Protein chains: 2
Amino acid sequence: MRISAKTDYALRALAQLAAHADRPVSSEELAQSQEIPHKFLEAIMAELRRTGLVVSQRGTGGGHRLSRPADRIVVADVIRALNGPLTVIRGECPQDVDYGPPSESLQVVWVSVRAALRSILESVTLADVVAGTLPEHIRELAASPDAWVTHWYANPMHTSGT
Amino acid sequence: MRISAKTDYALRALAQLAAHADRPVSSEELAQSQEIPHKFLEAIMAELRRTGLVVSQRGTGGGHRLSRPADRIVVADVIRALNGPLTVIRGECPQDVDYGPPSESLQVVWVSVRAALRSILESVTLADVVAGTLPEHIRELAASPDAWVTHWYANPMHTSGT
DNA sequence: TACTTCCATACTAGTTTGGTAGGTTTCAAG
DNA sequence: CTTGAAACCTACCAAACTAGTATGGAAGTA
């Protein structure tokens with residue numbers, strides 16, 4: 001799972017909006033408080049507006065606000081809005097890939113990967129993020145110290161970033 | 001999670017090698033049986049050799065074979081060899097990203113995403129794939145009919161591929 | 001020597017990523 | 001009705017990645 005700067009910025013900006021749901025917040029303010037390049041964030045907010053996650057108001061005192069309550073927007077909504085489906089195999093959805101022998105089982109692996117991602121990303125809302133109250137099964141996944149260390153792997157192309 | 005053609009081809013080729021562990025299998029044979037462009041697969045096999053997952057033999061009767069038993073190579077090994085770490089946020093590992101308020105909890109989300117991916121991709125071996133005997137917890141994830149359907153989402157940029 | 005197979009390098013066309021620059025429209029307050 | 005704040009739009013950019021293709025060599029077998 002690769003989270004781009006764009007998606008990361010979007011989530012932080014939306015969390016900020018969730019934390020100030022009482023008023024519109026400008027791109028400029030979002031950019032400064034989250035240390036995001038202003039014009040880049042503007043483009044991201046435009047995309048989020050087009051997909052219907054935020055509504056915007058021009059002019060003095062304007063800005064952006066969430067289009068629905070923060071407890072009804074999940075992390076998966078944001079990722080899908082900017083990157084498309086959570087899980088894609090060679091450009092296709094897991095249930096559409098067609099494997100011959102001896103690799104048929106790979107499809108089941110991809111389907112379960114998607115199910116696992118959904119169980120996390122569709123259960124965390126923006127309200128959860130700002131309140132710091134993540135669902136129990138997610139805190140459990142992150143509870144093991146093992147979850148916080150990088151696993152070693154061999155490719156010299158990538159070892160710089162362990 | 002985005003699985004590229006390269007990674008998909010690699011997994012299918014390695015499954016084929018696992019299914020014929022008694023002899024070296026040539027790129028040509030792998031390419032034909034799995035319908036993979038021959039020269040592209042050659043480049044992929046070279047990469048897998050450099051990362052130590054396969055060993056190769058030139059000349060007549062040569063080809064590729066797994067560098068260790070198929071039950072000691074997991075899907076995560078292959079993905080890491082070709083794509084680097086399983087989970088990357090803005091180019092960094094989950095435990096290295098630095099969030100300010102009100103987004104601190106996002107880090108826990110990413111850590112649990114990685115833990116969930118590991119629990120799947122580090123438990124499925126090539127031997128499991130060719131035998132069709134996936135670990136119980138994976139078959140459970142894929143057991144629900146829900147896991148086999150695409151969830152609707154709103155971005156018009158991506159709706160063509162539902 | 002001939003043939004097979006891996007191996008290395010280079011090339012391409014298209015897309016994605018992470019931005020920057022400049023101008024236009026909309027809105028509110030004075 | 002002007003001024004300023006903000007969203008909005010189009011275009012551009014360099015670097016990396018994706019999915020290959022092409023050419024030629026080097027090593028191993030018969």
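All values derive from a computational prediction rather than experimental measurement.
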query = salt bridge (Lys or Arg N to Asp or Glu O under 4.0 Å) between A:D77 and A:R68: does it pass, once the steps are laid out?
reply = CA-CA 12 Å; A:D77 291 331; A:R68 51 180 197 266; 3.1 Å; yes

ask   = Could you run down nucleotides 21-30 of chain D 5' to 3' and tag each one B, S or - for protein heavy-atom contact under 4.0 Å?
value = B-BBBBSBB-

[X] [atom1] to [N] [atom2]: how many Å, rounded?
X: B:I36; N: D:dA19; atom1: CD1; atom2: P; value: 13 Å
X: B:H64; N: C:dT5; atom1: NE2; atom2: P; value: 11 Å
X: A:I44; N: C:dT17; atom1: CD1; atom2: C1'; value: 11 Å
X: B:L41; N: C:dT5; atom1: CG; atom2: P; value: 14 Å
X: A:L82; N: C:dT15; atom1: CG; atom2: P; value: 20 Å
X: B:K6; N: D:dG20; atom1: NZ; atom2: P; value: 12 Å
X: A:R49; N: D:dA6; atom1: CZ; atom2: C1'; value: 13 Å
X: A:E28; N: D:dC8; atom1: CD; atom2: P; value: 15 Å

Check whether any side-chain nitrogen or oxygen of [X] sits under 4.0 Å from OP1 or OP2 of [N], and answer yes or no.
X: A:R50; N: D:dC9; result: yes
X: B:S26; N: C:dT5; result: no
X: A:Y9; N: C:dG18; result: no
X: A:S56; N: D:dC8; result: yes

Checking the side chain of [X] only, and the main-chain atoms of [Y] only, is there a donor and an acceptor separated by less than 3.5 Å?
X: A:Q107; Y: A:V97; answer: yes
X: A:S103; Y: A:Y99; answer: no
X: B:N83; Y: B:R80; answer: no

Smallest separation among heavy atoms of B:H151 and B:D146, with atom names = NE2-O, 4.4 Å

Determine all donor-acceptor pairs shorter than 3.5 Å in which one atom belongs to a side chain in residues 126-136 of chain A; sequence neighbours excluded.
{"residue": "A:D128", "atom": "OD2", "partner": "A:T125", "partner atom": "N", "Å": "3.0"}
{"residue": "A:D128", "atom": "OD2", "partner": "A:T125", "partner atom": "OG1", "Å": "3.2"}
{"residue": "A:E136", "atom": "OE1", "partner": "A:R139", "partner atom": "NH2", "Å": "3.1"}

ask   = Pick from B:R23, B:H64, B:R65, B:R12: which one makes a side-chain contact (heavy atoms from CB on, under 4.5 Å) with B:L17?
value = B:H64

ask   = Under 4.0 angstrom, heavy atoms only, what part of the nucleic acid is B:A46 near: base, sugar-phosphate, or nothing?
value = nothing

